[in-house]
Amino acid sequence: MPELPEIETIRRFLTAGSDEQPGILGERITQADLIWPGSLAAPAQEEFFRRITGQCILEITRRGKYLVFKLDDGYLLFHLRMSGDLILEPSEAEIAPHHRLVLYLAGGRRLAFNDTRKFGRSWLVSDPRQVTGKLGPEPLDPDFDARQFYDNLQRSRRQLKPLLMDQTFLAGLGNIYTDEALHRARLHPLTPAHLVSTGQAEALFTAIRQTLEDGIRHNGSSIDWVYRGGDFQNYFRVYGRKGQPCPVCGTNIEKMVVGQRGTHFCPACQPLKTEGM
DNA sequence: AGGGAAACCCGAACGC
DNA sequence: TGCGTTCGGGTTTCCC
């Protein structure tokens, strides 16, 4: 389930390649095959085929959980949602189950958008901001600092967990890394944002960055049957560890539902701060 | 404004 | 073993 570190891992792989094969920068798209039309959010199919064919992939960047392919003319964006993946394979390989969109490259390879649950989407647009325009700041952006983060927290009375997962507040955190970052910062998921002190905001800011950087360093997490390659799942402090000891204090990790999401935390390390405390 | 829920999906895990 | 049921997870949309 790709969050920022997993998306970044895929981005780096497609850009720089691996020991086995080079990346795809500079490759020309010779043909596109839309296997499940629902995976294309925009434009309409005919226009998509007309505009994508013959274009070169110049650059691959990331904005929040979106992958942004810069083409000769326009941008191709992917959101992998829960179960999506981008796979590089020989053009003559058999179309695997759950392939939704495939782009044939001039060099004899094929980029496949594979998505078991059909949640993922792609867009071909002239300006990526048409898709990513409402996203909040990038947590790893050097120009974004703890002070701005604190100011943003001050403006909200929402619970930290849903707020951090709100992509218009901060771009890139999903359920897993949010739980991990809150534990690292010793903040309860239900803490009202405006009650977070400057010191706590700084700790949370640092925790978010460290959690994401650790995830990226480990090439992301490979959980479920989805994305494979990373091993950060072996270093989770709280996520999926209900009933197991907190790595800091040994108290059993608890699980609750916050904003309809499974939320893991240590009741001892992350006490709930309320108004008046 | 913000919380809750439903919808979109399907494989895995669970219960019997 | 095999069947039916429940669950999860990112985002959008709708309702209160």
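Throughout, protein chains are lettered first and strands after them, A, B, ... in sequence-line order, and every chain is numbered starting at 1.
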Along nucleotides 11-16 of chain C, 5' to 3', which nucleotides get a B, which get an S, and which get a -, given that the test is a protein heavy-atom distance under 4.0 Å?
B-----

Rounded to whole angstroms, how far apart are NZ on A/Lys255 and C1' on C/dC7?
9 Å

For A/Leu153 and B/dG2, give me the distance from atom CG to atom P, rounded to whole Å.
13 Å

Suppose the criterion is side chain to side chain donor-acceptor pair (under 3.5 Å): which pairs have a residue in residues 160-173 of chain A, not counting sequence neighbours?
A/Arg158-A/Asp166, A/Lys161-A/Asn175, A/Lys161-A/Asp179, A/Lys161-A/Thr263, A/Asp166-A/Thr168

Pairs involving residues 68-77 of chain A, ordered by first then second residue, that meet side chain to side chain donor-acceptor pair (under 3.5 Å) (sequence neighbours left out)
none

Starting from A/Ile95, walk the hydrophobic network (Ile, Leu, Val, Met, Phe, Trp, Tyr; side-chain heavy atoms closer than 4.5 Å) and list everyone else you reach, by chain and number.
A/Ile35, A/Val102, A/Tyr104

Considering only Ile, Leu, Val, Met, Phe, Trp and Tyr, and joining two whenever side-chain heavy atoms are under 4.5 Å apart, list the other residues clustered with A/Met165.
none

Salt bridge (charged side-chain N to carboxylate O under 4.0 Å, His left out) filter on A/Glu47, not counting sequence neighbours, yields A/Arg51

Check every strand shown and say whether A/Lys161 touches a base, only sugar-phosphate, or nothing at a heavy-atom separation below 4.0 Å.
nothing

Mind checking what makes ring pair (Phe, Tyr, Trp, His ring centres under 6.0 Å) contact with A/His218, not counting sequence neighbours?
A/Phe232, A/Tyr235

Angle by which the axis turns from one end of the helix from B/dG2-C/dC16 to B/dC16-C/dG2 to the other, five pairs per end, to 10 degrees
60°

Check: A/Tyr66 ring centre within less than 6.0 Å of A/Trp123 ring centre
yes

Show every ring pair (Phe, Tyr, Trp, His ring centres under 6.0 Å) that has at least one partner inside residues 146-175 of chain A, sequence neighbours left out.
A/Phe149-A/Phe205

Residue mapping more 5' on DNA chain B - nearest nucleotide basis, A/Pro162 or A/Trp36:
A/Pro162

